[in-house]
Amino acid sequence: MHQMCKNRLPHLRPDAVFVQNQGVLLWMREREGETEVCFRYEPGAVLRALKPDPDDLFALVAIFFQRNFADTAVPTWHLNRYMRGITLGSCEWCENHVH
């Protein structure tokens, strides 16, 4: 992974690699004696493997996306427009579908 990233511009490098049931490769760096997760490439960062507790995986993914999208400057878009007509699941206690 380091070889692939070495000769690419920072915005063309992967932010992370999530592997189902295994863990994630994240950019990390040492700062003042502590390991800091960068959530994207930054100078001095290296990719390290992290195997989160399965109960904490959603939190890690949510933090990852929040950190990356918080700095993104894009026009506002509304997910609901794209979700119309999509069934998210069905209730076991009723016959209706949840939309």
Is it the case that one hydrophobic cluster holds both Val17 and Leu12, taking links as side-chain heavy atoms less than 4.5 Å apart, direct or via other members?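 Unlinked, Val17 and Leu12 end up in two clusters.
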Criterion side-chain contact (heavy atoms from CB on, under 4.5 Å) on Thr35 and Glu30, from CA distance to verdict: CA-CA 5 Å; Thr35 301; Glu30 297 295 321; 2.8 Å; yes
Can you name the nearest heavy-atom pair linking Met28 to Arg48, along with the distance?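 For Met28 and Arg48, the tightest heavy-atom pair comes out as SD-CB, 3.9 Å.
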Measure the spacing between CZ of Phe18 and CG of Leu26 and express it to the nearest 0.5 Å.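 Phe18 atom CZ to Leu26 atom CG measures 6.0 Å (nearest 0.5 Å).
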If I take atom CZ from residue Arg31 and atom CD from residue Glu36, how far apart are they, to the nearest 0.5 angstrom?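 Rounded to the nearest 0.5 Å, the CZ-CD separation comes out at 4.5 Å.
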Report the C-alpha separation of Val37 and Trp27 in whole Å, then their side-chain angles, then the decisive distance to 0.1 Å, and conclude whether the side-chain contact (heavy atoms from CB on, under 4.5 Å) test is met. CA-CA 6 Å; Val37 176; Trp27 293 104; over 6 Å; no
